[in-house]
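Have a look at the structure below, then the notes.
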Amino acid sequence: MDVMSTGVIAYYVLIASRNGLFTPIFSNNNNNNGAYADPVPQAVILTAIVIGFSIQALMLVSVMKLARDNPTLETSEIEKNNTP
């Protein structure tokens, strides 16, 4: 999941880094009427990074709890210990 998420984020960064796009900061001295970069995809990517980090941390805690409760790699033993 983490590799796939990183690949999608890298793809969006590659697409968003086109030449000729300016930052959407307006000022009185800015007479540039060129194409501006849309800030919404940047916010979506930042949100995706935070959600990906949260999911990775949750999976790590789950694996740590599973390893502490069942000190074996045998799935049949783990299933036998966890069935009511």
Side-chain angles (χ1 to χ4, degrees):
M1 289 289 289
D2 189 47
V3 171
M4 185 176 70
S5 173
T6 303
V8 170
I9 290 170
Y11 177 72
Y12 273 104
V13 168
L14 179 70
I15 295 299
S17 64
R18 293 179 290 184
N19 291 335
L21 295 180
F22 300 102
T23 57
I25 300 172
F26 297 106
S27 67
N28 293 336
N29 297 333
N30 192 359
N31 294 329
N32 215 352
N33 293 330
Y36 289 99
D38 188 12
V40 174
Q42 297 171 11
V44 170
I45 292 301
L46 286 174
T47 305
I49 291 170
V50 169
I51 290 172
F53 179 72
S54 302
I55 290 173
Q56 190 175 10
L58 181 65
M59 289 191 314
L60 179 63
V61 168
S62 300
V63 167
M64 288 173 57
K65 181 174 178 359
L66 184 65
R68 185 185 51 190
D69 293 344
N70 303 300
T72 181
L73 294 176
E74 296 294 327
T75 56
S76 59
E77 290 293 321
I78 294 172
E79 288 175 359
K80 186 171 40 171
N81 290 341
N82 291 327
T83 30

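It should be emphasised that the depicted structure is a prediction, and the values quoted were computed from it without experimental measurement. Computed from heavy atoms alone, side chains included, the values below leave out hydrogens, waters and symmetry copies.
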Listed pairs under 3.5 Å, donor-acceptor, residues 46-54 side chains, sequence neighbours left out:
unit_1 : atom_1 : unit_2 : atom_2 : d
Thr47  : OG1    : Ala43  : O      : 2.8
Ser54  : OG     : Val50  : O      : 3.0

Side-chain atoms of residues 62-70: list all donor-acceptor pairs with protein atoms under 3.5 Å, sequence neighbours left out, distances to 0.1 Å.
unit_1 : atom_1 : unit_2 : atom_2 : d
Ser62  : OG     : Leu58  : O      : 3.0
Lys65  : NZ     : Asp69  : OD2    : 2.7
Asn70  : OD1    : Asn81  : ND2    : 3.4

Completion exercise
Residues pairing under salt bridge (charged side-chain N to carboxylate O under 4.0 Å, His left out) where one sits in residues 44-57, two or more places apart or in two chains, turn out to be none
Handout entry: Pairs involving residues 45-58, ordered by first then second residue, that meet salt bridge (charged side-chain N to carboxylate O under 4.0 Å, His left out) (sequence neighbours left out)
Key = none
Show which side-chain atoms of residues 72-79 pair as donor or acceptor with protein atoms under 3.5 Å away, not counting sequence neighbours.
unit_1 : atom_1 : unit_2 : atom_2 : d
Thr72  : OG1    : Glu74  : N      : 3.2
Glu77  : OE2    : Lys80  : NZ     : 3.4

